[in-house]
Every structure is written in structure tokens, then in C-alpha cells.
There are 2 protein chains.
Amino acid sequence: MHNNQFRKGELYSFITGMASTAIARRLQKKLNQAGLNITIEQWSVLYHLWKKHGLSQQELCNATFRDKPSITRLVDNLEKQNLVKRVPSQSDRRINLIYLTKHGQKLEEQTMRLADQTLTEALKTVPASKIEMCKEVLQVVYDNLT
Amino acid sequence: MHNNQFRKGELYSFITGMASTAIARRLQKKLNQAGLNITIEQWSVLYHLWKKHGLSQQELCNATFRDKPSITRLVDNLEKQNLVKRVPSQSDRRINLIYLTKHGQKLEEQTMRLADQTLTEALKTVPASKIEMCKEVLQVVYDNLT
DNA sequence: TTTGATTAGTTGTATAAACAACTATATGCA
DNA sequence: TGCATATAGTTGTTTATACAACTAATCAAA
């Protein structure tokens with residue numbers, strides 16, 4: 001009852017993800033201003049490749065929470081920009097392993113700095129304890145729905 | 001320093017909005033399963049029209065945090081589905097006022113119920129106090145970036 | 001070993017978002 | 001009044017997402 005009413009009030013911003021949309025737009029603007037010709041979505045793929053080279057497309061699907069066609073096309077575009085390369089797996093010919101090119105590797109430091117700046121701007125004025133709690137809630141939400 | 005390290009760890013899920021994406025997908029699935037042929041984005045426009053009839057496209061831009069071309073096309077699609085109607089303003093011929101059709105009005109109750117269900121599923125196991133704090137943080141983030 | 005099911009990836013189609021360039025109308029100031 | 005400027009909305013282009021249907025390769029069980 002009380003809970004229900006509470007939720008109705010919160011509905012809109014939770015569902016539309018206004019905060020994360022604002023964060024993504026701010027980061028995209030920073031990337032553009034830095035003359036880096038990549039999208040947030042491409043960045044999110046590179047993010048996982050910086051952590052571990054040679055992921056398959058399916059692994060990128062799982063890591064980025066996208067479906068297979070989305071990853072196919074993101075990898076297409078990353079390849080066009082010469083940031084990654086598809087390498088057929090030796091052991092399983094169905095699989096493409098995705099490797100960063102030198103150009104793709106070089107983007108890590110600069111873009112991570114811009115992402116860090118973006119979060120600093122977004123979370124300034126928010127105490128660390130609240131950020132931690134918020135992050136926990138978002139994780140629970142994700143787990144509840146997946 | 002400590003703060004910086006904290007943020008780096010949180011980076012990815014904050015920027016990609018994994019929680020809100022999961023919420024939106026769950027609601028979309030419910031809409032589809034109910035045989036309602038509308039997208040989340042269309043729903044977010046209808047949401048504001050249910051609260052106040054006869055908004056201009058510009059007002060819908062502000063309310064939904066979208067740019068003008070996005071609203072033009074969302075209204076195009078809503079009109080195609082006979083859910084809203086563009087009505088030229090009498091006092092200012094640049095302006096279209098957007099009104100719900102009867103069909104559009106009828107969707108309110110059912111879709112709000114589905115949205116409410118979605119949030120209940122997403123936030124079950126999360127105490128109300130944490131939800132409140134999380135909502136505050138997301139609002140601050142939004143305000144910090146807008 | 002053959003065949004049926006599963007897995008990895010691609011292609012087609014529809015909707016949406018961001019950005020730039022555009023038209024039409026309104027406003028405000030000289 | 002007239003012209004510069006601002007505002008409301010549209011159109012074109014690129015990128016991304018979701019879903020369905022598809023191909024190719026692998027696996028597993030009879």
C-alpha cells in the first residue's frame with residue numbers, strides 16, 4: 001500500500017534510467033570533444049577487451065549484456081575503425097576471438113580518464129557511503145531481473 | 001585517491017545503466033506479452049500525456065529528456081498507431097499540441113499496472129529506506145549533469 | 001557413425017537516439 | 001514597419017537495439 005504508492009511516484013525515473021542516460025551523454029560529449037571518434041557502446045566493448053584480450057563475441061554478449069546481433073554490428077564498426085580484429089579460433093571454427101589493434105589498445109588510458117572524470121562530476125556532492133549503497137541496490141535490481 | 005579507486009571499480013555499471021536497462025527490458029517484455037504493441041519509449045511519452053493533456057512537442061522534449069527529432073518521430077509512430085493526435089495550437093502556429101485518442105487513454109491503467117509490477121519485481125528484497133536513498137542519489141547525479 | 005539438438009555468429013527489419021541542416025512562425029528592437 | 005534573432009518542428013544520416021530467421025560448426029546419444 002504505502003510501498004505501492006511510493007513506487008508509483010518513483011516509476012518514471014527508475015524505468016527511464018535518467019541518471020545513467022545523463023552519465024552516458026556526458027561521457028559521449030567528452031569523447032567527442034577529445035576528437036575520439038567512438039561511441040559509448042563501442043567504448044563498453046573495448047572496456048572488456050582491455051581487461052581481457054581475445055574474448056569471443058558470445059563472451060562480449062555476456063559481458064556487455066547485449067544480444068548477438070548487437071555485438072556482431074558493434075564489432076563490425078570497431079573493425080571498420082581499425083580498433084579490433086576478428087581472429088577465427090583454432091579449436092572451434094564457429095568462434096571469433098576479438099583482439100585489440102594497437103590503435104584500440106592506445107585508447108584505454110585516455111578514455112578511462114574521461115570516464116573517471118565523468119563519474120567524478122556525476123557523483124560530486126554524493127558521500128561515498130551513499131554511492132556504495134546505491135551501487136548495491138542497482139546490483140540487486142539487476143540480479144532480480146536477470 | 002581512495003575515492004578514485006572506488007569509482008574505477010564502479011565505472012562500468014554506472015555508465016552503462018545496467019539496472020535501468022534490465023528494468024526497461026522487463027517492462028517491454030510484459031507489454032509484448034500483454035499484446036500491447038508499444039515500445040517503452042512510446043510509453044514514456046504517453047506517461048506524461050496521461051498526467052497532462054495537450055502538451056507541445058517541446059514540452060514533451062523537456063519532460064522525457066529527449067531532443068526534438070526524437071520526439072517528432074515518437075509522435076509520428078504514436079499517431080500511426082492512433083494513440084495520439086497532433087493539434088495545431090490556435091495561438092501559435094509553430095506549435096503542435098499532442099492529445100491522446102480514446103485508444104491512447106485506455107492504455108493508462110493496464111500499462112501502469114505492468115510498470116508497477118516490474119518495479120515490484122526489480123525492488124523486491126530491497127528495503128524502502130534504501131530505495132529512497134538510491135532514488136535521491138540518482139536525482140543528484142541527474143542534477144549534477146544537467 | 002549418423003542424426004538431432006545445441007552453440008556461435010550473421011542478416012533482415014523495425015524502432016530509437018544524436019547531430020546537423022533545414023522551414024516556418026513569432027518576437028523584439030531600431 | 002522592418003529586419004535580425006529566437007523558437008517549434010521536420011528531415012537526413014549514422015549508429016545502436018530487439019527480435020526473428022538463418023547458416024555453419026560442434027556435440028551427444030542412439
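Labels below follow one simple rule: chain letters A, B, ... track the order of the sequence lines, proteins then strands, and each chain is numbered from 1.
Using a cut-off of 4.0 Å between Lys/Arg side-chain N and Asp/Glu carboxylate O, B:K130 and A:E136 are scored as salt-bridged. Between A:R86 and A:E79 there is a salt bridge, since at least one side-chain N of the basic residue sits less than 4.0 Å from a carboxylate O of the acidic one. Ionic pairing of A:D67 and B:R25 is not present here: no N-O contact between side-chain nitrogen and carboxylate oxygen is shorter than 4.0 angstrom.
Defined by atom type and a distance below 3.5 Å, a donor-acceptor pair is missing between the side-chain atoms of A:Q81 and A:N77. Judged by distance alone, the side chains of B:S89 and B:R94 never bring a donor and an acceptor atom under 3.5 Å apart.
Between A:L27 atom CG and C:dA18 atom C1' the separation is 15 Å, expressed in whole Å. Going from atom CD of A:E41 over to atom P of C:dA17 covers 12 Å, rounded to whole Å. When rounded to the nearest whole Å, the span between CZ of A:R25 and C1' of C:dA16 equals 12 Å. Straight-line distance from the CD atom of B:Q58 to the C1' atom of C:dA26: 15 Å, rounded to whole Å. The nearest whole Å value for the distance from the CZ atom in A:R26 to the P atom in C:dA17 is 20 Å. Going from atom CZ of A:R66 over to atom C1' of C:dG9 covers 17 Å, rounded to whole Å. Residue A:I38 contributes atom CD1, which lies 17 Å from atom P of C:dA18 at whole-angstrom precision. Rounded to an integer number of Å, the gap from A:L31 CG to C:dC19 C1' is 15 Å.
Residues A:L60 and A:L97 do not share a hydrophobic cluster, defined by chaining ILVMFWY side chains whose heavy atoms lie under 4.5 Å apart. The hydrophobic cluster containing A:Y99 does not contain A:Y47, counting ILVMFWY residues as joined when their side-chain heavy atoms lie under 4.5 angstrom apart, directly or transitively.
Relative orientation of the A:Y142 and A:F65 rings is perpendicular, given thresholds of 30° and 60° on the angle between their planes.
For the segment residues 70-82 of chain B, the set of residues with a heavy atom within less than 4.0 Å of an atom of DNA chain C comprises B:S70, B:R73, B:L74, B:N77, in numerical order. Residues of residues 87-103 of chain A having a heavy atom closer than 4.0 Å to DNA chain C, listed by number: A:R94, A:I95, A:N96.
Sequence order on DNA chain D of the closest nucleotides to A:I40 and A:D67 puts A:I40 first from the 5' end. Residue A:E59 is the one, among A:E59 and A:N32, whose nearest nucleotide of DNA chain C lies closer to the 5' end (criterion: closest heavy atom).
When distances run from any side-chain atom of A:P69 to the nucleotides D:dA18, D:dT10, C:dT11, the shortest one goes to C:dT11.
Within 4.0 Å (heavy atoms only), B:Q42 reaches sugar-phosphate atoms of the nucleic acid but no base atom.
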CA sep, side-chain torsions, deciding dist, call: B:K30, B:E121, salt bridge (Lys or Arg N to Asp or Glu O under 4.0 Å): CA-CA 12 Å; B:K30 284 182 190 293; B:E121 292 167 15; 2.7 Å; yes

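OP1 or OP2 of C:dT10 lies within a sub-4.0 Å distance of a side-chain N or O belonging to A:Q57. Close to C:dA16, at under 4.0 Å from its OP1 or OP2, lies a side-chain N or O of B:T39.
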